[in-house]
Amino acid sequence: MDAKLITQHRSYVWGGKRGMHNPRRYPSVLAVLARPADNLTLVKESPNHHHTDNWFDRTAINYLSQSVQATTGLRNSKSGYESLVEAAAMVSRNFDPIKQCELVMEALDRAFPSPILSLIRTLLPQSKFTREYFAAFTTLFFAWLVGPCKVIESEINGRTEKNVVHIKKCRFLEESNCVGMCINLCKNPSQKFIKDSLGMPVNMVPNFDDMSCQMIFGQDPPRDDPALKQPCYKLCKAKKSHTVSCPI
């Protein structure tokens with residue numbers, strides 16, 4: 001597998017609020033460009049799980065999809081979760097990995113009012129309670145985005161905590177079937193947004209064999225993150241449907 005690191009010492013995203021600048025600093029290694037390995041064991045394309053979205057799920061999906069579309073200026077006529085995946089695929093198709101991450105960060109800034117995020121950060125400094133609260137909150141209010149999930153225990157600083165969200169099969173990865181979209185449009189921007197806006201480190205650990213994922217609250221992602229070295233699936237739906245080059 002040929003891989004190339006993309007580095008950039010400084011990159012800033014301007015927040016989207018009228019007259020307000022919100023600089024964000026990114027680490028030097030932002031993405032990896034990789035070509036699929038011929039000998040990689042791949043996930044076989046199979047029928048997606050059926051998700052039954054209630055009114056709250058549909059409202060949240062539409063809100064996030066519209067936020068992404070408003071940020072990028074790229075519109076689509078699809079509805080429901082398909083519209084969100086299409087909006088993400090259009091970002092992947094039209095922008096390089098660094099810009100993809102920046103655009104998602106800006107879309108999240110649009111979607112979540114900064115005063116509320118600042119209040120949460122002030123009222124909930126990092127602690128055992130906060131880590132467990134974030135994990136429980138994620139399972140209750142973000143299953144529409146990632147699919148069924150549950151809180152599991154881990155050991156942090158020698159103590160057992162319920163600070164990990166285990167996603168049985170990530171809905172976004174399943175729908176896109178694209179490693180590049182997972183890394184550049186979900187994992188990297190989500191980790192940065194949650195830490196920068198809420199003061200909570202989180203390490204998202206996708207398993208590209210079974211499409212599960214773990215969100216470990218209170219843990220920073222490793223510098224040499226194995227997920228950034230993962231080649232894309234040969235059956236990548238984004239590449240097949242949207243001519244995306246799947247750079248990660």
Side-chain angles (χ1 to χ4, degrees), residues 5-13 15 22-32 64 97-98 100-109 111-143 145-147 149-167 170 172-173 179 182-208 212-230 248:
L5 291 178
I6 294 179
T7 62
Q8 180 171 315
H9 293 287
R10 291 185 179 180
S11 178
Y12 296 96
V13 178
N22 183 20
R24 298 187 186 276
R25 188 183 180 105
Y26 293 87
S28 56
V29 178
L30 294 180
V32 177
L64 183 57
I98 294 172
Q100 291 173 37
C101 184
E102 293 177 352
L103 286 170
V104 173
M105 292 282 288
E106 186 176 344
L108 293 173
D109 277 332
F112 300 98
S114 57
I116 294 179
L117 298 177
S118 298
L119 181 62
I120 294 174
R121 180 169 183 158
T122 301
L123 296 177
L124 296 173
Q126 189 178 169
S127 64
K128 178 178 183 291
F129 169 79
T130 304
R131 290 187 288 271
E132 294 187 339
Y133 177 85
F134 273 57
F137 187 90
T138 300
T139 62
L140 291 174
F141 294 101
F142 286 92
L145 179 61
V146 298
C149 50
K150 64 180 180 180
V151 174
I152 62 174
E153 294 181 342
S154 76
E155 187 173 296
I156 183 169
N157 299 325
R159 299 175 56 186
T160 299
E161 296 184 8
K162 295 181 178 180
N163 66 312
V164 179
V165 174
H166 176 75
I167 302 166
C170 178
F172 183 74
L173 179 57
V179 173
C182 167
I183 297 296
N184 298 324
L185 300 173
C186 181
K187 174 179 162 63
N188 282 347
S190 294
Q191 289 174 164
K192 293 178 177 68
F193 179 80
I194 293 171
K195 184 172 184 179
D196 292 351
S197 300
L198 298 170
M200 175 59 68
V202 60
N203 182 20
M204 298 178 68
V205 186
N207 182 327
F208 294 112
S212 66
C213 184
Q214 289 192 350
M215 299 179 66
I216 309 173
F217 289 99
Q219 181 183 100
D220 283 304
R223 284 183 173 272
D224 188 25
D225 197 329
L228 301 182
K229 301 176 182 179
Q230 174 72 36
I248 59 170

Item to check | Where Pro113 and Ala111 come nearest, the two heavy atoms and their spacing | outcome: CD-O, 3.7 Å
Checklist entry - What closest approach, in Å, do Phe193 and Leu117 show between heavy atoms, and which atom pair accounts for it? => result CZ-CD1, 3.6 Å
Checklist entry - Does the side chain of Ile183 reach to within under 4.5 Å of the side chain of Gln230, using non-hydrogen atoms? => result no
Next on the checklist: To the closest 0.5 Å, what do you measure between CD1 (Ile194) and CG (Asn203)?
Outcome noted: 11.0 Å
Checklist outcome for this item: Rounded to the nearest 0.5 angstrom, the CD-CG distance for Glu106 and Asp109 is 7.5 Å
Next on the checklist: Is there a side-chain contact (heavy atoms from CB on, under 4.5 Å) between Arg121 and Ser197? Walk through the geometry before answering.
Outcome noted: CA-CA 7 Å; Arg121 180 169 183 158; Ser197 300; 6.0 Å; no
Checklist entry - Atom CZ in Phe137, atom CG in Leu124: separation rounded to 0.5 Å? => result 10.5 Å
Item to check | Any residue meeting ring-ring contact (aromatic ring centres under 6.0 Å, His included) with Phe134, in chain and number order, not counting sequence neighbours | outcome: Phe217
Checklist outcome for this item: d(Asp220 CG, Met200 CE) to nearest 0.5 Å is 11.0 Å
Item to check | Beyond-backbone contact of Lys187 with Cys213, side-chain heavy atoms, under 4.5 angstrom | outcome: no
Item to check | Atom pair CG/CD1 of Leu198 and Ile116 - distance to nearest 0.5 Å | outcome: 11.0 Å
Next on the checklist: Could you check whether any side-chain heavy atom of Asp225 comes within less than 4.5 Å of a side-chain heavy atom of Val205, counting everything from C-beta outward?
Outcome noted: no
Item to check | Heavy-atom closest pair, residues Cys182 and Phe208 | outcome: SG-CE2, 3.8 Å
Checklist entry - Can you list the steps and then say if Met105 with Asp196 is a side-chain contact (heavy atoms from CB on, under 4.5 Å)? => result CA-CA 10 Å; Met105 292 282 288; Asp196 292 351; 4.1 Å; yes
Output side-chain donor-acceptor pairs under 3.5 Å for residues 153-161, partner residues at least two apart or in another chain, one line each.
unit_1 : atom_1 : unit_2 : atom_2 : d
Ser154 : OG     : Asn163 : OD1    : 2.5
Glu161 : OE1    : Arg131 : NE     : 2.8
Glu161 : OE2    : Arg131 : NH2    : 2.8

Item to check | Beyond-backbone contact of Pro221 with Met204, side-chain heavy atoms, under 4.5 angstrom | outcome: no
Checklist entry - How about Lys162: does its NZ atom have over 12 heavy atoms from other parts shown lying under 6.0 Å from it? => result no
Item to check | Atom of Cys101, atom of Lys192 and distance for their closest heavy-atom approach | outcome: SG-CD, 4.0 Å
Checklist outcome for this item: The reported gap from OG in Ser212 to CG in Leu173 (rounded to nearest 0.5 angstrom) is 9.5 Å
Checklist entry - With sequence neighbours left out, what residues match Ser127 under side-chain contact (heavy atoms from CB on, under 4.5 Å)? => result Phe129, Thr130
Checklist entry - Does the side chain of Gln191 come under 3.5 Å of the side chain of Lys195 through a donor N or O and an acceptor N or O? => result no
Checklist entry - For the residue pair Val165 and Ala135, what are the closest heavy atoms and their distance? => result CG2-O, 3.4 Å
Item to check | Steps toward side-chain contact (heavy atoms from CB on, under 4.5 Å) verdict (Lys229, Asp224) | outcome: CA-CA 9 Å; Lys229 301 176 182 179; Asp224 188 25; 2.9 Å; yes
Next on the checklist: Can you give me the closest heavy-atom contact between Ser190 and Cys186, atom names plus distance?
Outcome noted: OG-O, 2.7 Å
Next on the checklist: Does Val104 form a side-chain contact (heavy atoms from CB on, under 4.5 Å) with Asn188? I'd like the steps, not just the answer.
Outcome noted: CA-CA 10 Å; Val104 173; Asn188 282 347; over 6 Å; no
